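One-based numbering, in listed order, for ligands and for the atoms of each. Keep in mind that what you see is a predicted model, and the values were worked out from it rather than measured.
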Amino acid sequence: MKNDLEIKGKIIWLLRDSKEGYISGESISKKLGFSRAYLWKYISELRDDGYSIDAEPHKGYSLRSSPDKLFDFEVKRLLRTQTIGKNGLYYYSKISSTNDTAYALAEEGVKDGAVVIAEVQTGGKGRLGRKWVSPPGGLYFSLVLRPGLPLKDVQSVTLLAASAVSRSILNVTGVRTGIKWPNDVFFKDKKICGILTEVKAHPDKLDYLILGVGVNVNTPVSKLPAMSTSIKDVANYSTDRRALLSDILFEFEARYNELKDKGFGRLREECKKYSILLGNKVKITLHDRIIEGIAEDIDEIGALVVAGANGKKQRIFSGDVELCRM
Ligand code: BTN
């Protein structure tokens, strides 16, 4: 028998498709090829999942409302991508870290574009060994990418993902955000999204990369660390996380394909346009020193170009960047 999520998805489609709002149990059982007893089991599981399903004698079942959950069958129906999310979509209500699960799946050989989604993470990871607080209401997902690009292009993948998230937040919610090199999306001076890119590489060749994205969508600010915010907090309304996820994947795929086909040129200009750092004073903490200066450019491989007080320019490849208000 097919897996449970797939069957539940089919039941939900039949309920949504039903004319006059009702469909008989007999008709669902017949269409899906299992007994009424099985149907009962699935209907009661769907109710436990948060779907409100009415049962009326002589009329059948009717779907009244659906929960705000990222079940794979709900996300799949919204996908507008060619490969991202189409080469495997793995849903978890709770896991330690979508990046770790995506990594394990990549080791097992899943294809380019597989996506791991979780409602909640118990061990969400941020950059530089930090934690990523992942309560209900946020969007936590990781992509397995096998771009066949050299290792030096990893930075540009992270940056174009930040552009895609920023663009999608605008598309879906109307909230205007900016990107903070190398991996954050900010609303004013507060963080709304973080991206963690992890790679498996041989000395000269990228095997795969795991691109993990965490967006504070409907998360109450009281659950978030200081200097963070959520879309709900700034917009004052809740966002459909499924619509946002599907739009992020769509915007990401367009840029990812462009990077592979045409290089970073136009994407670099977009990153510069969205950047909240360029033209501003920044303080960058590297493992062995601190650099202060004006963020001047994002170069052709995605490095940040900073001009120090003496005018000397430095290219920064990673580090913790603080925006200093002048
Ligand atoms: C950062 O800002 O330091 C990066 C945060 C990245 C968080 C996301 S949530 C989904 C994925 N799984 C993780 O454990 N981390 C990333």
Lys283 and Asp320 ion-paired at < 4.0 Å: no
Glu119/Arg241 ion pair, N-O < 4.0 Å: yes
Under the side chain to side chain donor-acceptor pair (under 3.5 Å) rule, what do Glu56 and Ser62 come out as? Steps first, then yes or no, please. CA-CA 8 Å; Glu56 282 267 338; Ser62 172; over 6 Å; no
Would you call Arg255-Glu251 a salt bridge at under 4.0 Å N-O? yes
With a 4.0 Å cut-off, would you call Asp54 and Lys59 a salt bridge? no
Sort out the contact shell of ligand 1: every protein residue with a heavy-atom distance below 4.0 Å, listed by chain and number. Ser97, Thr98, Asn99, Gln121, Gly124, Lys125, Gly126, Arg127, Trp132, Phe141, Ser142, Asn183, Asp184, Lys191, Gly194, Ile195, Leu196, Gly212, Val213, Gly214
Mind jotting down which residue pairs meet the ring pair (Phe, Tyr, Trp, His ring centres under 6.0 Å) criterion with at least one end in residues 164-220? Sequence neighbours excluded, please. Tyr103-Tyr208
